[in-house]
Amino acid sequence: QGELGAYSHLACRKYHPDYEPLACVSFQAAFKAVQNGKAQLAMIPVENSLAGRVSDIYHLLPEGNLHIIQEDYLPIHHQLMGVKGAVLADVKVARSHAMALGQVRKRLMSLGIAPVEDLDTAGAANKVAMRGDKEIAAVASTLAAELYGLDILAENIEDATHNTTRFLTLSPKPLTAKKDDDTQWVTSFIFKVRNVPSALYKALGGFATNGVNMTKLESYMVGGSFNATQFYADVEGHPDDPGMVHALEELSFFTTSVQVLGTYRAHESRSRS
């Protein structure tokens, strides 16, 4: 998602260097490009260590008929960039994607620069280049500055050095994930709990009693109903692990639906945390 020079473009170049990146105007367009065969894979950001989750993705995942086959963690370094000849003192406004602005909020405030949301980081850089106004800057990557001929006015302006975005690679076909003792696996799934007391507590209890580590749990409303809550979960394990088999069986007793989105190799950073 985003124009060339977006952070998703950087992630594609780093983790899928043999593929040609295809710029898409929205997350939904990126999903559709894979669904209709225009692209082979989609690489989608799902959460950031500073700004939190990318909320749109959790609505698209269950409807997209795509499978998670890989996860990657990309360190994010934001640059404040302006047109040729501009200096930092000229800048009054910085344009960027909402997630990026959330990651540089404190720094922009300290510089007295007002944030303005745009569709994506690289698109904001392109607009700044086309407008040619020294008072308007963009928050984007060094690649975007190179592609659109902008000067970097302030380097690495993210509010924390740990700023990292998790990306998922999606495919029309699931990964053939054969269990072995040397590989750490992650399984992602979406489920809806029954509308009864303690349903969520009971649904998740099987993971605790069977020794399965749940690393992520997100809830969101579906269908405009306050009763129909859907959950996204990541757990460390393979569906063939005995503990996972029992945990998923218990989960099914207290849910109306369970949809496995993918089983894939855990990124190496998980073992360091």
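We're numbering straight along the sequence, starting at 1.
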Answer yes or no: is there a side-chain heavy-atom contact under 4.5 Å between Met43 and Tyr15?
-> yes

Taking atom types as modelled, is there a side-chain donor on His238 or Thr263 under 3.5 Å from an acceptor on the other?
-> no

Are the aromatic rings of His59 and Tyr232 close, with centres under 6.0 Å apart?
-> no

Where do Asp118 and Lys127 land on the salt bridge (Lys or Arg N to Asp or Glu O under 4.0 Å) test, with the steps shown first?
-> CA-CA 10 Å; Asp118 214 317; Lys127 288 177 183 176; 2.8 Å; yes

Applying ring-ring contact (aromatic ring centres under 6.0 Å, His included), which residue pairs with at least one partner in residues 126-170 are found, sequence neighbours left out?
-> none

Are the charged groups of Arg105 and Asp159 less than 4.0 angstrom apart, N to O?
-> no

I would like to know whether Ile76 and Gln103 meet side-chain contact (heavy atoms from CB on, under 4.5 Å); could you show each step before the answer?
-> CA-CA 9 Å; Ile76 302 295; Gln103 296 160 33; 3.9 Å; yes

Among residues two or more places apart or on two chains, list those pairs meeting salt bridge (Lys or Arg N to Asp or Glu O under 4.0 Å) that have a residue in residues 137-154.
-> Lys84-Asp151

In plain terms, say whether Arg53 and Glu47 are close enough for a salt bridge, that is, a side-chain N and a carboxylate O under 4.0 Å apart.
-> no

Check His77, Gln1, His78, His97 against Tyr7 for a side-chain hydrogen bond (donor to acceptor under 3.5 Å, both in side chains) and give me the one that passes.
-> His78

Only distances under 3.5 Å count here; give the side-chain donor-acceptor pairs of residues 108-116 to other protein atoms, sequence neighbours excluded, each with its distance to 0.1 Å.
residue, atom, partner, partner atom, Å
Ser110, OG, Arg107, O, 2.6

Supply the atom-to-atom distance Phe231 CZ to Leu251 CG, rounded to the nearest 0.5 angstrom.
-> 11.0 Å

Heavy atoms of Val245 and Pro239 approach each other most closely as CG2-O, 3.2 Å

Are any side-chain N or O atoms of Thr165 and backbone N or O atoms of Asn48, one a donor and one an acceptor, separated by less than 3.5 Å?
-> no

If you measure only the distance, is there a donor-acceptor pair under 3.5 Å linking the side chains of Ser188 and Tyr264?
-> yes

Looking only at heavy atoms, what is the nearest atom pair of Leu153 and Ala86, with distance?
-> CD2-O, 3.3 Å

Do Met244 and Thr187 come within less than 4.5 Å of each other through their side chains, counting heavy atoms only?
-> yes

Smallest heavy-atom separation, Gly2 atom then Ala23 atom, equals O-CB, 3.3 Å

Would you indicate whether the side-chain heavy atoms of Ile157 and Val139 approach each other to under 4.5 Å?
-> yes

Check whether any side-chain heavy atom of Asp234 lies under 4.5 Å from a side-chain heavy atom of Phe189, and answer yes or no.
-> no

Of the non-hydrogen atoms in Ala144 and Ala125, which two are nearest, and what is the gap between them?
-> CB-CB, 4.1 Å

Could you tell me the separation between the CZ atom of Arg194 and the CZ atom of Phe254, rounded to the nearest 0.5 Å?
-> 9.0 Å

Check Thr255 against Ala203 and note the closest heavy-atom contact, atom names and distance.
-> CG2-CB, 4.4 Å

Note: Thr121 and Ala100 closest approach over all heavy atoms is CG2-CB, 3.7 Å

